[in-house]
Amino acid sequence: MPRSDRKRSGTGSKPNRKRCDARKPRSIRFADSEWKLVERAAARHGIPAGEVVRAGALALAEDRLGEPPPATLSKGHAALVEATYRLVYVMATLRREDLLDAGRENELCDLIAEARRTMTETMEESAS
């Protein structure tokens, strides 16, 4: 299989191209300050700078530029979210007992209502 036809890891766009449609080098000009921005973005995403340029150009050409990227979590991030949730749950449970023992039940009810409102708003934002 020709090198240009192999699937490259880290490519964000999968344009519809035929196997015989080999990629060829193209020339493009950037100011040094612009290229540094591209290189920083590439480093953040762990991909080559050329992939950032290609993905951006193809997104613009395919009218996908304004679309948000799909939200995905790595297994490590998911584990971190779960561990954080468990810690917050334990701390909230302990704080709940402190508030009840101090006769601050109304304050506790307000905190719970605010948490529920925030959760509902967040879920609605992610659904749209």
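Quick caveat: nothing in here was measured; it's all calculated off a predicted structure. The analysis underlying the following values was restricted to heavy atoms, covering all of them including side chains, and did not include hydrogens, waters or symmetry mates.
- The distance from the CZ atom of R104 to the CG atom of D110 is 11.5 Å, given to the nearest 0.5 Å.
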Which atom pairs, one a donor and one an acceptor, fall under 3.5 Å between side chains of residues 85-102 and the rest of the protein, sequence neighbours left out?
from: R86; atom 1: NE; to: E82; atom 2: OE2; distance (Å): 3.4
from: R86; atom 1: NH2; to: E82; atom 2: OE2; distance (Å): 2.5
from: T93; atom 1: OG1; to: Y89; atom 2: O; distance (Å): 2.8

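- Taking the side-chain hydrogen bond (donor to acceptor under 3.5 Å, both in side chains) definition, one finds that R117 meets it with E114, sequence neighbours left out.
- Taking NE2 of H45 as the reference point, atom CD of E51 lies at 13.0 Å (rounded to 0.5 Å).
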Show the atom names and distances, to 0.1 Å, of all donor-acceptor pairs under 3.5 Å that link a side chain in residues 26-41 to residues at least two apart or in another chain.
from: E34; atom 1: OE1; to: A31; atom 2: N; distance (Å): 2.8
from: W35; atom 1: NE1; to: E39; atom 2: OE2; distance (Å): 3.0

